[in-house]
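Here's the structure we're looking at; comments come further down.
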Amino acid sequence: MAATSTIDTLTDELTGALASERVTRGEALREQHARGEAYHPAALPDVVVFPESVEEVVAIVERCRARRVPIVPVGAGTSLEGNVNALHGGVSVDMTHMNRILRIGQEDLDVTVQAGVTRKQLNDRLRADGLFFPIDPGADATIGGMVGTRATGTTTVRYGGMRENVISLKVVTATGEVLQTASRARKSAAGYDLTRLFVGSEGTLGIVVEATLRLYGVPEAMGAAVCSVPSVDAAVQTVIQTIQLGVPVARMELLDEVQMDAIVRFSELPYAIAPTLFLEFHGTDASVEEAAATVAEIAQEHGGGDFQWSPDQTERNRLWQARHDSYYAALALRPGARAFATDVCLPISSMAGLIAETRADIDRSDLLAMVVGHVGDGNFHVMFLLDMDDEDEVARAKAVNDRMVRRAIELDGTCTGEHGVGYGKIPYLELERGPVGMALLGTIKQALDPDGIMNPGKVVPLAP
């Protein structure tokens with residue numbers, strides 16, 4: 001934590017650089033910026049600022065750097081691994097006021113936005129042009145936050161994640177300089193890939209202020225389907241065969257029976273309480289119908305139940321709204337509980353076995369938890385519902401999570417498919433990357449952030 005006198009002086013300097021109402025040390029706003037959606041303990045910043053331009057972000061970084069005060073970039077605050085917690089105090093830089101869509105390139109299928117633009121805001125604007133941005137992590141996250149955590153989501157199986165859909169970034173570096181990481185060209189062989197260096201960096205290397213993204217035309221037709229299956233293994237085998245046959249599926253989601261119980265109650269859906277696949281198809285009317293029929297046949301071969309599909313937009317929206325409400329549906333199963341959400345990603349062929357092992361581990365540990373998987377890309381989530389005052393219950397959940405993540409890494413997977421590392425998964429990143437990999441990450445961090453002020457304590461555990 002910086003000394004009070006330092007923070008007092010810094011606050012005065014920031015107030016001079018920004019409008020006074022956009023610099024605050026008020027308790028309520030500091031508490032609001034002390035955590036994301038994770039169970040991790042809150043860690044309050046000393047000051048919260050709301051920049052509205054690149055120049056203001058530069059001014060913030062320069063003043064913080066001069067006094068060696070930590071900087072924590074924050075978007076919508078929906079992160080799940082303590083990514084935005086101000087572990088060492090400092091300045092929380094809330095990017096939500098930088099929410100302008102700067103340019104839409106209809107012919108080039110790209111768009112440039114400020115970091116505070118949200119996913120829904122962007123798609124609402126693009127709809128009139130027959131375009132959309134497909135990355136859908138569930139929450140209405142900011143584009144800057146999605147860049148920071150290398151977000152993926154329900155549509156990754158068809159469109160990829162942020163890694164594949166960010167063309168270029170404008171970044172304010174830890175030394176207060178403005179960097180354009182690439183041009184708008186769709187490919188380049190010119191030097192190191194600076195764009196990918198910042199995608200997934202969680203604000204530890206600089207502050208993303210603008211992003212240029214790939215866009216897609218809205219498909220002629222979309223259809224959604226629901227199919228219950230006898231087991232998680234049956235669901236995964238259905239998915240593997242679907243992918244091997246090249247069926248163009250836009251979303252493939254697996255919900256276990258506990259999660260289905262939650263959303264059937266919460267969203268009042270007429271579905272069986274069983275492991276279930278939610279699917280979506282994009283294309284022409286004919287191709288969507290053909291794809292749905294093919295997956296229905298594959299699911300039936302693996303014991304799938306009634307395959308219900310519809311091209312109706314209302315039905316499709318209802319289905320995916322229920323999927324996105326799964327977090328709140330789960331909480332409703334245990335009023336007063338807090339959610340401890342975690343994720344891993346691994347080769348699809350190993351997914352069913354790890355889910356089955358984890359489900360058995362949850363049940364043996366006498367915990368209430370559900371599994372939701374982006375099965376098309378091998379990523380699944382576990383959400384524990386916990387009494388955070390019950391130390392034994394929390395310890396049991398952490399132990400299950402530890403065993404699951406270690407198994408994923410042993411199976412040539414990763415400790416996180418989309419939540420990011422934050423500080424919650426640093427020990428697993430060390431296990432996954434090994435000493436050589438961690439040393440190299442540390443070298444990059446020190447080279448780009450020599451004063452250690454950018455979101456210290458996250459990803460690479462270097463002291464500020």
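Everything quoted here is computed from the prediction, not taken from an experiment.
- Between the side chains of R251 and T154, at least one donor N or O sits under 3.5 Å from an acceptor N or O.
- Side chain of E210 to backbone of V113: no donor-acceptor contact under 3.5 angstrom is found.
- Side-chain atoms of K445 come within 3.5 Å of backbone atoms of T204 as a donor-acceptor pair (strictly under, hydrogens ignored).
- Side-chain polar atoms of K120 and N123 form no donor-acceptor pair below 3.5 angstrom.
- Judged by distance alone, the side chain of R150 and the main-chain N or O of V147 form no donor-acceptor pair under 3.5 Å.
- In this model, no donor atom of one side chain and acceptor atom of the other lie less than 3.5 Å apart for D136 and Y159.
- For R25 and D8, the salt-bridge test passes: some basic side-chain N is under 4.0 Å from an acidic carboxylate O.
- When E52, E56, R22 are each tested for a side chain to side chain donor-acceptor pair (under 3.5 Å) with H97, only one passes: E52.
- Using modelled atom types and a 3.5 Å distance limit, the side chains of S168 and Q180 yield a donor-acceptor pair.
- Every residue two or more places apart in sequence or in another chain that forms a salt bridge (Lys or Arg N to Asp or Glu O under 4.0 Å) with R403 is listed here: D361.
- We find that R30 and E27 are joined by a salt bridge, their nearest charged nitrogen and carboxylate oxygen being less than 4.0 Å apart.
- Using modelled atom types and a 3.5 Å distance limit, the side chains of T414 and E432 yield a donor-acceptor pair.
- The residues E13 and R65 are annotated as not salt-bridged, no charged nitrogen and carboxylate oxygen being separated by less than 4.0 angstrom.
- The backbone N or O of T152 sits nowhere less than 3.5 Å from a side-chain atom of T156 that would complete a donor-acceptor pair.
- Side chain of R196 to main chain of R163: a donor-acceptor pair is present (N/O by atom type, distance under 3.5 Å, no hydrogens or angles).
- For H40 and Y423, the ring centers sit closer than 6.0 Å to each other.
- Between R406 and D402, at least one side-chain N (NZ, or NE/NH1/NH2) sits under 4.0 Å from a carboxylate O, which counts as a salt bridge.
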